[in-house]
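Here the structure is a predicted model, which is why all the values come from computation and not from measurement.
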Amino acid sequence: MTLKFAIFGDSIAYGQGASSAADTVAQRLSADMTAHDLPNEVRVFAVPGAQSRDLRAQVERGLAWRPQLALIIIGANDLTRLVPPEQAAAELAAAVRRLRAGGAEVVVAPAPDLSVVPWVPPQMRLVVQAGSRMLHDAQSRVALAEGARVADIGMTSAAGFAVDPGLFSADRFHPSSAGYAVIAGALAGPVRAAAAVARSSLG
């Protein structure tokens, strides 16, 4: 049985900055699942620049495809646009709830730590890190409450990005292909676990 794997969210979910399609989170995770005997078809509904409020429209489009597995990567644009954490988290909760009601296993990757982005001035890094943590924690709480798995790439992967400029693409904001390898590596375990549950529920 081939799992339908839908990806929602922002430019990171979309793969902006990767050198080729094969280097994106979508294709890396799809290949990883296939290698672990979890055949799948992946479709990306994510849109660069999306905020949490944009998940509603993405999810409606995605549900028409009837996915059994979904990944949501969201939060960076909420941070850059100063969306209140609880407001962004409420939009995420609604998206997870809708996907779960539609029969999908859901994995959420909460907001990244934007303080490691090269263009953030050193004197602003602690403030940006604190804001990132507030949104990350609010998203994690609501995702778990709605029955999703949380793949904690936002804070745990930050250390690597902080010391290796090669993990960023030329715009110094989006990940490079090497950066996407780090992110996909952090996501692979939770996504495989959700995929296994989704497959078992198909009988």
Would you indicate whether the side-chain heavy atoms of Y14 and V44 approach each other to under 4.5 Å? yes

For the OG atom of S20 and the OH atom of Y180, what is their distance to the nearest 0.5 Å? 11.5 Å

In the single-linkage hydrophobic clustering (I, L, V, M, F, W, Y; side-chain heavy atoms under 4.5 Å), do L69 and I73 co-cluster? yes

I need the minimum non-hydrogen distance between T24 and G15, along with the two atoms involved. CG2-CA, 3.8 Å

About how many Å separate CG of D32 and CG of N40, when rounded to the nearest 0.5 Å? 9.5 Å

Cluster link L29 to V106, ILVMFWY, side chain under 4.5 Å: no

State, yes or no, whether a side-chain contact exists between V197 and R149 at a heavy-atom distance under 4.5 Å. yes

Which atom pair, heavy atoms only, marks the closest approach of A88 to S52? O-CB, 3.5 Å

CG/L82 to CG/L135 distance, rounded to the nearest 0.5 angstrom? 11.5 Å

Here the pair of heavy atoms bringing K4 nearest to W65 is NZ-O, 3.0 Å

Hey, does V47 have a side-chain heavy atom less than 4.5 Å from the side chain of R61? yes

How far does CE of M134 sit from CD of Q129, to the nearest 0.5 angstrom? 13.5 Å

Measure across P190 and A151 and return the closest heavy-atom pair with its distance rounded to 0.1 Å. CG-CB, 3.9 Å

Min side-chain heavy-atom separation Q51-E91 under 4.5 Å: no

Between F5 and V107, is there a shared hydrophobic cluster once you connect ILVMFWY residues whose side-chain heavy atoms come closer than 4.5 Å? yes

I'd like to check D54 versus N77 (side-chain heavy atoms, cut-off strictly below 4.5 Å). Are they in contact? no

Dump the intermediate steps for side-chain contact (heavy atoms from CB on, under 4.5 Å) on V142 and V96, then the final yes or no. CA-CA 9 Å; V142 300; V96 173; over 6 Å; no

Nearest non-hydrogen partners of L3 and A198, listed with the distance: CD2-CB, 3.9 Å

Is there a side-chain contact between V25 and L187 in this structure, where contact means two heavy atoms from C-beta onward sitting under 4.5 Å apart? yes

Parallel, tilted or perpendicular, judged at 30° and 60°: which one describes the rings of F8 and F45? parallel

Check whether any side-chain heavy atom of L92 lies under 4.5 Å from a side-chain heavy atom of E146, and answer yes or no. no

Restricting to non-hydrogen atoms, name the atom on S140 and the atom on P110 that form the minimum distance, rounded to 0.1 Å. OG-CG, 3.5 Å

Quick one: do R28 and D23 make a salt bridge, cutoff under 4.0 Å? yes

Spatial distance of atom CZ (R98) from atom CZ (R100) [nearest 0.5 Å]: 14.0 Å

In terms of side-chain geometry, is the basic nitrogen of D137 or R141 positioned less than 4.0 Å from the acidic oxygen of its partner? no

Mind checking whether I7 and V59 sit in one hydrophobic cluster, side chains of I, L, V, M, F, W, Y counted as touching below 4.5 Å? no

Pairwise side-chain contact, D37 with R199, heavy-atom cut-off 4.5 Å (strictly under): yes

With a 6.0 Å cut-off (strictly less than), is the heavy-atom count around CZ of R192, excluding the residue itself, greater than 12? yes

Look at the side-chain heavy atoms of Ile, Leu, Val, Met, Phe, Trp and Tyr, link any pair under 4.5 Å apart, and say whether L71 and V42 land in one connected group. yes

Short side-chain to backbone donor-acceptor contact, E41 and T2, under 3.5 Å: no

